[in-house]
There are 2 protein chains.
Amino acid sequence: MLGQFAASETHCHFRPHQFLAREDEQPDAIYRIDEGWACRYRVLPDGRRQITGLFLPGDICEPHWALGKRPSQPIVALTNVRATNLPSSPHGVLPAESQQACWKGLADMIERQTNWLVTLGRKTAIERLAHLLLELFERMRSSGLSYGQQCAMPLTQMEIADMTGLTPVHVNRTLQTMRQRGLVELQSKWLRIPDLAALRDAAALTSNEVLA
Amino acid sequence: MLGQFAASETHCHFRPHQFLAREDEQPDAIYRIDEGWACRYRVLPDGRRQITGLFLPGDICEPHWALGKRPSQPIVALTNVRATNLPSSPHGVLPAESQQACWKGLADMIERQTNWLVTLGRKTAIERLAHLLLELFERMRSSGLSYGQQCAMPLTQMEIADMTGLTPVHVNRTLQTMRQRGLVELQSKWLRIPDLAALRDAAALTSNEVLA
DNA sequence: CGCGGTGTTGACGCCGCTCAAAGTATGTGG
DNA sequence: CCACATACTTTGAGCGGCGTCAACACCGCG
């Protein structure tokens, strides 16, 4: 990394349910997640919640802040999180390397959001869960955090429900169906995918769809 | 279509159902819509379709192409469309002014996509339609294309269904309910909103949610 | 005048939601 | 190490919003 700038890198740490950013508050800096999972979400007036983005190790948290927006949604840690905030000069200008990382993160984020629009708009419960689990695995794998066919999966069924637009109860039942069909093994916060191709099939992806 | 020049603006024209861009094909340039509506979408293997973005007059079509991505989804004209493609040098570098417009468009697009994730994940049919119609009106208004409480609305019920993740039949029934409740007047491609506040309420937006 | 796209209506079925309760981890303090 | 609280997972019964299927009406257009 580079440490030769006025504002130097600083590491920070969050516990589960702790906020990395609150709505409409100017964040101190742009975070890169080094360890742990976080998400952003929105809550409707009557309490319904939808998670709109997941941040995994290596991800830049809200790269579009680099475009000068302030957070329109809160970001909260789902597990213990270690993060680094990208150094920036007083006027919010990032060093070239970080700038590049932001653009890359931005492009990936848009791609993933678009995929999720399709899933939330048109897919069944099994397809939604297959999409989610595949995406998690692929993202973990591309960060070197997978082990063979498995990886960590710290989300609760309630959090899965809030990502997939389902209820926790239905997530539970659907996961059981998928286990019975041999599509996934999921227990005690670990995910194993016996047959990647079968799960891709169950996710009803389009041929050129890349999740990582 | 048209032979494009390195650095000068060129205008082009599309008819309904004509493609502004196809999947995975490098587009000639980045378009700005001058008149008419277009959308991008994805079709699942079994034919289900989800529209993932709408482009209205003034919008830059796929600003994230400026990040160096090629289109992952087709873009098709919904009406007659006039567009201008932004001049760019051979290496894809945009003039500063266009660059600015792209970043602005990008930030707006992310914001809207996020809002739609919430709507598709968690909202009822009425709420979805209220969100859509409000967004359309606000976007048209901010471009000076509204007239009092009304604006053009060229979408078919089938297209509305593909945006909101519903079926055309249910869109039809839900619109009737909304008409009965005095939430909207919608006929022959024109939209009138008698009571903006009531429609906002029906859309179950969060207080700080801005749609334009 | 006929034809394809669109809007409308009805009957019926199912996927996923709601409500409720019991069972099982996880963690905390004594 | 146990007692207890809290969070999470699992299970059952019943229901409802939205989808499906199938007509029919309407309209612009060649």
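No experiment lies behind these values; they were computed from the predicted model shown.
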Residue from A:L136, A:V81, A:D59 passing side chain to side chain contact (heavy atoms under 4.5 Å, CB included) with A:W37:
A:L136
Scan B:F14, B:F55, B:F19 and name whichever one has a ring-ring contact (aromatic ring centres under 6.0 Å, His included) with B:Y31.
B:F14
Under a 4.0 Å N-O cut-off, is there an ion pair linking A:E209 with A:R112?
no
Between A:E23 and A:R40, is there a side-chain N and carboxylate O pair less than 4.0 Å apart?
no
Roughly, in whole Å, what's the span from CG in A:D46 to C1' in C:dC17?
14 Å
Between B:I160 (CD1) and C:dT6 (P), how many Å, whole number?
12 Å
Between A:R32 and A:A83, is there a donor-acceptor pair closer than 3.5 Å when you use the side chain of the first and the backbone of the second?
no
Indicate for each nucleotide in nucleotides 7-22 of chain D, in 5' to 3' sequence, whether protein heavy atoms under 4.0 Å reach the base (B), only the sugar-phosphate (S), or nothing (-).
-SSBBBB----BSBB-
